[in-house]
Amino acid sequence: MQDAPPAPRPKVRVLPPALADQIAAGEVVERPASVVKELVENALDAGARRVDVDIEAGGRRVIRVVDDGCGMGPEDARLALKRHATSKIAEADDLWRLATFGFRGEALPSIAAVSRLTLSTRPPEAEAGFRLTVEAGAETEARETGMAPGTQIEVRDLFFNTPARAKFLKVEATETANVAEALLRLGLAHPGVHLKLRVAGRVALDLPVHGSLAERVRAALARRGASALHEAAGEEGGTRVRAFLAGPDEVSTTARSTFLFVGGRFVRDRSLLHALALGYGPLLEKGRYPLAALFLDLPGQEVDVNVHPQKLEVRFARAQEVYAAVRHVVGAAIARAPWLPPAERGRPLQAFTQPPVAREWPARTAEVSERADGMGFAAPPQGTLTLRARETDERSMPAAPEPHGFFGGLEYVGQVHRTYLVCQAPDALVLIDQHAAHERIVYGRLKAAHARRQIPRQRLLFPIPVEVGETAAAAATHEALPGLGFELEPAAPSAPGTVVLRAVPEPLKDADPKPLLRELLGELAEGAPLGGGDLQGADRLLATIACHSVVRAGDLLGRPAALALLAQLDDVDLRSHCPHGRPVMLRMSLGEIERRFGRA
């Protein structure tokens with residue numbers, strides 16, 4: 001048999017300009033929110049004090065950005081639509097001195113390559129404005145126009161000439177929420193600019209001018225449910241750190257409510273997130289993210305902002321020193337935080353062996369009731385686990401059931417740091433994390449009920465409006481929520497970031513559902529695959545519900561409550577770890593104890 005002839009070697013060729021522009025656009029223009037981000041950043045660079053954004057169909061049909069900045073003349077307007085044109089960079093060293101977001105010509109050619117774009121602009125000294133229309137990167141019209149000083153850019157039919165890109169867009173509500181999120185990020189760092197978003201003519205986001213960064217951050221993050229923000233500020237090694245921090249009760253399993261800024265630019269940086277979490281110390285569970293805004297400023301030559309097409313990532317010349325500065329400044333502020341018990345304030349966080357008593361913070365003195373009998377599920381009559389923030393009323397506790405397994409057969413000794421149950425086995429010392437154990441119990445029962453489609457609901461006597469933010473509110477109609485026991489509906493059009501809660505899963509009937517709801521909707525808004533037959537996704541939601549409905553580190557348990565919890569732990573599977581992967585139990589054998597004391 002003869003060998004097949006070799007395949008012809010592909011030739012190197014120069015791409016047509018239109019195709020090259022479309023490929024380049026893919027790096028900058030990912031979705032409508034990317035367009036809004038780039039155009040508003042250009043407006044801020046132009047000195048705008050007011051920026052109005054209008055969108056239709058989630059930005060796919062229309063995006064209009066109007067600013068009152070310095071505007072451009074006809075020659076500059078045409079150059080701004082040419083690739084590699086700029087007013088900010090003249091030589092290579094300028095890349096390390098960028099104090100702006102970009103320049104008019106950085107994103108405009110990319111956007112124009114995949115849309116029908118109209119640019120209208122007028123500097124204050126000009127008598128008339130200049131209007132330029134471009135379709136798929138090609139100029140189709142240029143003329144004078146009457147307008148106020150500033151710039152207006154209208155983008156229509158985004159991705160009309162790249163249908164393969166268009167099919168990856170999400171539903172209208174999700175894209176609208178992404179636009180609102182992009183505008184919120186920009187607004188956080190620019191308190192002196194009035195930013196407004198209209199969706200199909202109605203106001204969806206309005207951030208008026210604020211007198212200070214602190215005012216703007218507190219006003220903006222109140223939309224995310226931040227009840228109070230503690231400020232941290234300091235400088236270390238040339239890195240200036242300023243942060244606004246919510247308490248450790250207001251956390252999430254995603255980083256969508258943790259806002260990081262370097263030089264006024266929103267960035268994503270996992271190492272910065274880790275440094276911020278270390279600043280919280282043991283107050284923050286592993287895998288949880290605080291509701292916070294962190295602002296870093298450092299010399300331009302110390303940071304490279306040109307490592308990502310959309311400038312969402314940065315590289316630090318002295319990264320470890322920057323992360324250490326964040327950790328130290330945040331840690332010092334957290335040690336003085338008002339949510340800590342007075343006796344703990346001012347102590348180094350490293351001295352804490354466990355989180356402070358969450359339910360005894362000054363603002364949380366109300367009685368807390370938690371159930372450990374399956375939260376209302378059909379289950380063996382093992383009684384209830386009732387907790388109070390100040391003490392456990394043992395007279396109201398049922399007797400512990402007869403032991404029938406390993407955990408129920410342990411000899412209960414006591415509670416350490418209001419977090420760990422100390423028990424004795426015939427040949428070992430056993431420590432049990434009360435939160436992880438209770439979470440395991442409730443999760444097991446929730447999972448079984450979900451499999452039977454029988455998670456019971458508790459209807460609320462009065463519906464509760466919950467402010468969750470534009471992005472999360474878009475997920476309020478997700479198909480997974482009714483099966484988890486939630487009944488939600490969007491609020492009135494005048495409150496686009498609010499949902500109305502009418503029913504909750506039975507385990508949450510005695511808990512505050514608002515933090516959990518924000519977290520669940522946030523996960524859904526992030527695009528987590530939680531619908532249909534995706535059991536892994538559903539399990540993740542069930543684990544989140546369980547986590548919010550059980551005893552916490554710092555809750556005082558009386559002996560009957562502890563015995564009831566131990567006995568019920570024998571009734572669930574996979575008892576060694578909680579749903580989030582933390583161990584329920586640590587066991588130290590008698591032999592190991594004797595070796596450590598030098599007796600063996």
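Computed over heavy atoms, backbone and side chain alike; hydrogens, waters and symmetry mates excluded.
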Run Tyr280 and Leu245 through side-chain contact (heavy atoms from CB on, under 4.5 Å) and show every step you take. CA-CA 9 Å; Tyr280 272 78; Leu245 313 164; 3.3 Å; yes
Decide yes or no on side-chain contact (heavy atoms from CB on, under 4.5 Å) for Phe244 and Leu213, but give the supporting numbers first. CA-CA 10 Å; Phe244 300 88; Leu213 180 65; 4.0 Å; yes
Give the C-alpha distance, both sets of side-chain angles, the deciding distance and a yes or no for side-chain contact (heavy atoms from CB on, under 4.5 Å) between Val504 and Leu516. CA-CA 10 Å; Val504 297; Leu516 168 63; over 6 Å; no
What's the verdict on side-chain contact (heavy atoms from CB on, under 4.5 Å) for Arg457 and Arg502, showing C-alpha distance, side-chain angles and the deciding distance? CA-CA 10 Å; Arg457 261 183 216 182; Arg502 297 189 176 277; over 6 Å; no
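His450 has its side chain out of reach of Leu446: every pair of non-hydrogen atoms, C-beta onward, lies at least 4.5 Å apart. Residues Leu188 and Leu221 have side chains in contact (heavy-atom distance under 4.5 Å, counting atoms from C-beta outward). Side chains of Glu231 and Arg218 form a contact here, defined as non-hydrogen atoms less than 4.5 Å apart. Considering only heavy atoms from C-beta on, Pro426 stays 4.5 Å or farther from Glu411 through its side chain. In this structure, Leu421 and Met585 have side chains that are not in contact, with every pair of non-hydrogen atoms separated by 4.5 Å or more. Side-chain atoms of Asp269 and Phe316, non-hydrogen and from C-beta on, do get closer than 4.5 Å to each other. Using a 4.5 Å heavy-atom threshold, the side chains of Val241 and Leu296 count as touching. You'll find the side chain of Val466 stays beyond 4.5 Å of the side chain of Leu521, heavy atoms only.
Salt bridge annotation for Arg445-Glu506: absent, with no cationic side-chain nitrogen under 4.0 angstrom from a carboxylate oxygen.
Between Leu207 and Arg216 the shortest heavy-atom distance is O-NH2, 3.4 Å. In plain terms, the two heavy atoms of Pro290 and Val251 that are nearest each other are CA-CG1, 4.2 Å. Across all non-hydrogen atoms, the minimal contact from Glu439 to Cys547 is OE2-CB, 3.4 Å. Residues Gly264 and Ala189 come closest through the heavy atom pair O-CB, 3.6 Å. Scanning all heavy atoms of the two residues, the minimum distance from Leu284 to Arg288 falls at CD2-O, 3.5 Å. Here the closest heavy-atom approach between residue Ile432 and residue Leu566 is recorded as CD1-CD2, 3.2 Å.
Atoms CZ and CG, on Arg327 and Leu272 in that order, are 11.5 Å from each other to the nearest 0.5 Å. To the nearest 0.5 Å, the span separating OG on Ser271 from CD on Gln320 amounts to 7.5 Å. In this structure, the separation between CZ on Phe486 and CG on Leu520 is 5.0 Å, given to the nearest 0.5 Å. For the atom pair Ile464 CD1 and Thr498 OG1, the distance stands at 13.0 Å (nearest 0.5 Å). Here CG of Leu294 is found 9.5 Å from OG1 of Thr258. Values are rounded to the nearest 0.5 Å. Distance check: Thr239 OG1 to Leu298 CG gives 5.0 Å after rounding to the nearest 0.5 Å.
In terms of modelled atom types and a separation under 3.5 Å, the side chain of Gln434 and the main chain of Asp555 share a donor-acceptor contact. Within the 3.5 Å criterion, the main-chain N or O of Lys170 finds a donor-acceptor partner in the side chain of Glu175. Of the possible donor and acceptor atoms, none in the side chain of Arg587 sits under 3.5 Å from a partner among the backbone N and O of Ala425. Here the side chain of His230 pairs a donor or acceptor atom with the backbone of Ala333 at under 3.5 angstrom. Put simply, the side chain of Gln458 never gets that close to the backbone of Gly485: no donor and acceptor are under 3.5 Å apart. Side chain of Arg599 to main chain of Ile593: no donor-acceptor pair is present (N/O by atom type, distance under 3.5 Å, no hydrogens or angles). The backbone N or O of Ala33 sits nowhere less than 3.5 Å from a side-chain atom of Asn178 that would complete a donor-acceptor pair. In this structure a side-chain-to-backbone donor-acceptor pair under 3.5 Å is missing from Arg185 to Phe259. Distance alone, capped at 3.5 Å, is enough to place a donor-acceptor pair between the His328 side chain and the Ala324 backbone. A donor-acceptor distance shorter than 3.5 angstrom exists from the side chain of Arg559 to the backbone of Tyr412, with no hydrogens or angles considered.
Of the listed residues (Asp570, Leu569, Val584), just one forms a side chain to side chain contact (heavy atoms under 4.5 Å, CB included) with Ile441, and that residue is Leu569.
Here Phe261 pairs with Phe266, Phe295 under the ring-ring contact (aromatic ring centres under 6.0 Å, His included) rule; sequence neighbours left out.
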